[in-house]
Amino acid sequence: MKITTWNVNSLRTRPNRLRQFLETEAPDVLCLQETKVEDASFPRETFDELGYQVEFFGEKTYNGVAIAARQSIESVQRAFPTDETDCQRRLIAATVGGVRVVNVYVPNGSSVDSPKFAFKLEWLGQLRQWLASEHDAGQPLALCGDFNIAPDDRDVWAPDKWRGNVLFHPDEHAALKEFQDWGLHDAFRLHHEEGGLYSWWDYRGGAFRFNHGLRIDLILVTKPLADRCTGVSIHRDTRKVLDGEKPSDHAAVSAVFA
DNA sequence: ATGGTTGCCTTGCAA
């Protein structure tokens, strides 16, 4: 089973990229973030045509998450149980092929001195609490998405420049450690020790060209899935222009399970 | 030197 996470930074503006990715990579499960489309306008045709089921949870302009799969999608959950109906669309979870897949778009945080940074930490705390209270780390579960946190120095192009800033802050690392303590493993690090492999590059300043990136798109897995993980890859090509369609600022990341 | 680019549509704001 191949599970992919991809922050697409607007689904409707890159229809051919999505099609191309599904055709060439054929993931069993695709978790999308920043779809930026309300549910009534969700482009489900592409998924239908390529034989994918899809469940989504979106809003206008901002945020938005979706899970697509080739097998049937069961037990879909949208948002935290405690969320208001008008909450930001950042979480969708579903069971596919016996694996509980939790797809998240973690708040960016803007800057450390912003109220948005406090919201980010609060949201991560909610996620951790909800996971622990309603899930079993002994069961196969994948928590994937755009975490907007680079785990360690290897995941940042200039750690000393980034340290203490949003996306690479001690409070964020403490939040990440709580997921680890609960029983989640960074699937990428089961197979790669090296640094310099990133999943996001700023649109500005030729960041992609200079490989000035961060690895902030993660697939965290419980032990039963970690034991089945045979490889993790970052689809660097998804960050390049394709047939005149501009890329998202994120690359897709895939993990394969036996 | 707080720059640069992208997407949505609040042509400013979030990322």
Side-chain angles (χ1 to χ4, degrees), chain A residues 5-21 31-43 46 56-66 86-92 103-124 127 144-151 155-169 171-172 175-176 198-218 234-253:
Chain A
T5 181
W6 193 11
N7 179 323
V8 285
N9 186 22
S10 171
L11 195 51
R12 285 178 299 174
T13 199
R14 322 176 200 289
N16 296 325
R17 304 197 68 107
L18 173 71
R19 175 178 294 279
Q20 160 93 1
F21 187 81
C31 295
L32 298 170
Q33 304 89 34
E34 283 205 90
T35 53
K36 296 188 175 179
V37 57
E38 52 195 336
D39 293 348
S41 306
F42 190 91
T46 310
F56 38 85
F57 186 43
E59 63 186 287
K60 199 193 247 190
T61 309
Y62 303 115
N63 310 314
V65 285
D86 64 344
C87 71
Q88 296 178 13
R89 277 35 177 162
R90 295 183 177 278
L91 184 148
I92 187 168
N103 175 21
V104 295
Y105 174 47
V106 175
N108 171 284
S110 191
S111 63
V112 174
D113 58 358
S114 161
K116 288 178 182 164
F117 188 70
F119 175 68
K120 178 181 196 172
L121 297 176
E122 184 194 335
W123 198 90
L124 286 163
L127 176 60
C144 32
D146 176 0
F147 281 75
N148 273 311
I149 304 172
D155 304 312
V156 182
W157 72 272
D160 290 334
K161 175 187 165 71
W162 277 85
R163 208 178 312 281
N165 286 298
V166 72
L167 309 186
F168 198 53
H169 188 278
D171 293 351
E172 296 170 336
L176 216 44
Y198 310 126
S199 67
W200 170 81
W201 300 259
D202 200 301
Y203 282 127
R204 298 164 293 188
F208 184 64
R209 186 156 49 93
F210 298 118
N211 198 29
H212 289 175
L214 276 70
R215 190 175 68 88
I216 58 178
D217 298 274
L218 311 176
I234 299 175
H235 304 275
R236 210 171 181 281
D237 285 354
T238 55
R239 184 60 176 76
K240 300 174 181 171
V241 175
L242 176 75
D243 299 335
E245 274 188 6
K246 287 177 179 174
S248 167
D249 45 354
H250 295 252
V253 180

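Lettering follows sequence order; numbering is per chain, from 1.
Look at the C1' atom in both B:dT5 and B:dT11: the space between them is 16 Å, to the nearest Å. Nucleotides B:dA1 and B:dG7 place their P atoms 31 Å apart, quoted to the nearest Å. Spacing of P atoms, B:dG3 relative to B:dG12, comes out at 16 Å, to the nearest Å. For the C1' atom pair drawn from B:dC9 and B:dA15, the interatomic distance equals 16 Å after rounding to whole Å. Look at the C1' atom in both B:dG4 and B:dA14: the space between them is 15 Å, to the nearest Å.
Here the P atom of nucleotide B:dG3 and the CZ atom of A:Phe210 are 20 Å apart, to the nearest Å. A:Gln33 has its CD atom 17 Å from the P atom of B:dG7, to the nearest Å. When rounded to the nearest whole Å, the span between NZ of A:Lys246 and C1' of B:dG7 equals 9 Å. Put simply, NZ on A:Lys60 is 8 Å from C1' on B:dC9, counting in whole angstrom units. Atom P of nucleotide B:dC9 and atom CD of A:Glu59 are separated by 12 Å, given to the nearest angstrom. When the C1' atom of B:dA1 is taken as reference, atom NZ of A:Lys161 falls 11 Å away, rounded to whole Å.
Partner of A:Leu91 under the side-chain contact (heavy atoms from CB on, under 4.5 Å) criterion, out of A:Trp123, A:Tyr105, A:Phe57: A:Trp123 alone.
Among pairs with a residue in residues 243-253 of chain A, none fulfils salt bridge (charged side-chain N to carboxylate O under 4.0 Å, His left out), at least two apart in sequence or across chains.
Aromatic ring centres of A:Trp157 and A:Tyr198: separated by at least 6.0 Å. Ring-centre distance between A:Phe168 and A:Trp162: not below the 6.0 Å cut-off.
A distance-only check finds no donor-acceptor pair linking the side chain of A:Lys116 to the backbone of A:Ser110 [under 3.5 Å].
Using a 4.0 Å heavy-atom criterion, one finds that A:Arg12 contacts no nucleic acid atom at all.
Under the 4.5 Å side-chain criterion, counting only non-hydrogen atoms from C-beta, A:Asp202 is in contact with A:Arg204.
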Pairs under 3.5 angstrom, nitrogen or oxygen only, protein versus nucleotides 12-15 of chain B, please.
{"residue": "B:dA14", "atom": "OP1", "partner": "A:Lys116", "partner atom": "NZ", "Å": "3.3"}
{"residue": "B:dA14", "atom": "O5'", "partner": "A:Lys116", "partner atom": "NZ", "Å": "3.0"}
{"residue": "B:dA15", "atom": "N6", "partner": "A:Arg204", "partner atom": "NH1", "Å": "3.4"}

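A:Asn148 CG to A:Lys120 NZ: the interatomic distance, rounded to the nearest 0.5 Å, is 5.0 Å.
An OP1 or OP2 oxygen of B:dT6 is reached within less than 4.0 angstrom by no side-chain nitrogen or oxygen of A:Ser248.
Between A:Thr61 and A:Gly205, the residue anchored nearer the 5' end of DNA chain B, judged by the nucleotide with its closest heavy atom, is A:Gly205.
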